[in-house]
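Here is the structure we will look at.
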Amino acid sequence: MANLSTRFFGLELKSPVVAASCSMTGNLDQIRKIAQAGAGAVVLKSLFEEEIYVQLQEELNERKELAADPEYLDYFDYVIKEENLNKYISLIREAKSEVDIPVVASVSCISSSEWTLFARKLQDAGADAIELNLFIIPSNLDKNHEANEQFYFETVKKVLEVVTIPVTIKISPYFSNLGRVIKDMSATGIAGITLFNRFYSPDIDIEKGSLISADVFSSEKEYLQPLRWTGIMAPNADCPLAATTGIHNAETALKMLLAGASAVQVASVLYQEGISAISKINEGIARWMDTKKYGSITDFKGKLSIQADHAVAYERFQFMTYFGGKGF
Ligand SMILES: Cc1cc2nc3c(=O)[nH]c(=O)nc-3n(C[C@H](O)[C@H](O)[C@H](O)COP(=O)(O)O)c2cc1C
């Protein structure tokens, strides 16, 4: 029987299939089912830095007189942060007492400000690791790429200074020099990088002439971008990589492992097909490994990464190759 164990989050996981941070992983009952389905780890629903500040702003809008009082402001700020944090700490504690797989706390960060000090509390609550969901859409044209990248490096540095548990990051592909940023981030002391987080995207309703929200869930074809970058970066990064976005079945999970991922994180498929998707993916991976006579994940992980003489496939402008001479 194939051994599915792997290492990510600086931890030994019994399966490379991880339940990604999403609303399901903020619910104890679902977390229990995720563990029963054989997930290697669960990343809890994020504590949103943004949410904390929005809530603060809403309270202040209602009581405008307080906005001028710095002492009250500090108090308010403190109380609201404490309240959100305490809820999250309870979630970590309860999840830890319910399941025997690693429980990863997640923070969605948009700044590297003083919230990072709270990271210690997540560790104290018993989280096995922390995933930082770092996201800024680089749409502020007053900021150059260095200013944008600085946020990533500063946030990681501050969190690493206050915790001893492993810290991983989940990033977007929106960098002007993506490979180099991943390489430099991988050397900061973090335990892993997950490629790539998926934002709620805007879409357009042409009938109503209005902006709408695009599908919250990924489609199966979205795996190609993380596949390419996992394949390019896995042999070049100083820490393990995980892949997320568009992984809906065992075939795609296997592709990511072959490209060099140490784990895959799944969310959309849990909503679309139910939590049993995790056991199906595990079974599919094990079946394929048995057929191919691979005893462990390390026997084939990264076999089809860029290192293994596959640079052309990862880098070429394939339209030229595919359509050249075909008269398209
Ligand atoms: C309903 C929903 C809620 C999500 N909430 C979070 C979140 O709180 N924090 C986070 O880091 N990612 C969140 N994500 C992103 C997922 O963790 C995952 O990285 C992304 O959806 C790509 O994986 P998928 O293609 O399997 O959905 C959410 C995704 C979904 C579908």
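Order of appearance sets the numbers: ligands from 1, and atoms from 1 within every ligand.
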Among all protein heavy atoms, pick the one closest to [atom] and tell me residue, atom and distance.
atom: atom 6 (C) of ligand 1; result: S21 O, 3.2 Å
atom: atom 20 (C) of ligand 1; result: R198 CB, 3.9 Å
atom: atom 27 (O) of ligand 1; result: S268 OG, 2.5 Å
atom: atom 1 (C) of ligand 1; result: Y271 OH, 3.6 Å
atom: atom 2 (C) of ligand 1; result: C22 CB, 3.9 Å

Open item on the list: Applying salt bridge (Lys or Arg N to Asp or Glu O under 4.0 Å) to D299 and K293, what does each step give before you reach the verdict?
Closed with: CA-CA 9 Å; D299 289 347; K293 307 217 174 334; over 6 Å; no
TODO: May I ask which of A242, S46, S219 has a heavy atom nearer to atom 9 (N) of ligand 1 than the others do?
DONE: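 Nearest option to atom 9 (N) of ligand 1, by heavy atoms: S46.
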Task: K157/E161 salt bridge by N-O under 4.0 Å criterion - done: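 Salt bridge between E161 and K157, a charged N being under 4.0 Å from a carboxylate O: yes.
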N or O contact, [X] vs ligand 1, cut-off under 3.5 Å:
X: N133; answer: yes
X: S218; answer: yes
X: A267; answer: yes
X: S23; answer: no
X: K170; answer: yes

Would you mind listing which atoms of ligand 1 come within a distance below 4.0 Å of any non-hydrogen atom of [X]?
X: F217; value: 31 (C)
X: V266; value: 26 (O)
X: T244; value: 18 (C), 19 (O), 22 (C), 23 (O)

TODO: Could you go through the side chain to side chain donor-acceptor pair (under 3.5 Å) check for N282 and S15 one step at a time?
DONE: CA-CA 7 Å; N282 274 336; S15 156; 2.6 Å; yes
- [ ] Quick one: sort the Y174 and F199 rings into parallel, tilted or perpendicular, breaks at 30° and 60°.
- [x]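 Answer is parallel, since the angle falls under 30°.
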TODO: Show the numbers, then the answer: is there a side-chain contact (heavy atoms from CB on, under 4.5 Å) between I182 and I171?
DONE: CA-CA 9 Å; I182 294 172; I171 60 167; 3.9 Å; yes
TODO: Please confirm whether Y223 comes under 4.0 Å of ligand 1, counting heavy atoms of the residue only.
DONE: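 The answer is no: ligand 1 sits nowhere under 4.0 Å from a heavy atom of Y223.
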Open item on the list: Please determine whether any non-hydrogen atom of F196 lies less than 4.0 Å from an atom of ligand 1.
Closed with: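 Heavy atoms of F196 never come under 4.0 Å of ligand 1.
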TODO: Assess whether atom CZ of R120 is packed by more than 12 heavy atoms of other residues, nucleotides or ligands within 6.0 Å.
DONE: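 Atom CZ in R120 is not crowded, with 12 or fewer foreign heavy atoms closer than 6.0 Å.
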Open item on the list: Applying salt bridge (Lys or Arg N to Asp or Glu O under 4.0 Å) as the test, list every pair that has at least one member in residues 230-242; sequence neighbours left out.
Closed with: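 Output for this query lists K183-D238.
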Open item on the list: Would you say the rings of W288 and F300 are close, in the sense that their centroids are separated by under 6.0 Å?
Closed with: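 When the ring centroids of F300 and W288 are compared, they turn out to be within the sub-6.0 Å range.
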- [ ] Please report the C-alpha distance between E220 and N249 in whole Å, then the side-chain angles of each, then the deciding distance to 0.1 Å, and finally whether the side-chain contact (heavy atoms from CB on, under 4.5 Å) criterion is met.
- [x] CA-CA 9 Å; E220 288 184 28; N249 51 45; 3.7 Å; yes
Open item on the list: Test your reading of the model: is there a side-chain donor-acceptor pair from D203 to the backbone of D215, 3.5 Å cut-off?
Closed with: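 Pair absent, no side-chain N/O of D203 close to backbone of D215.
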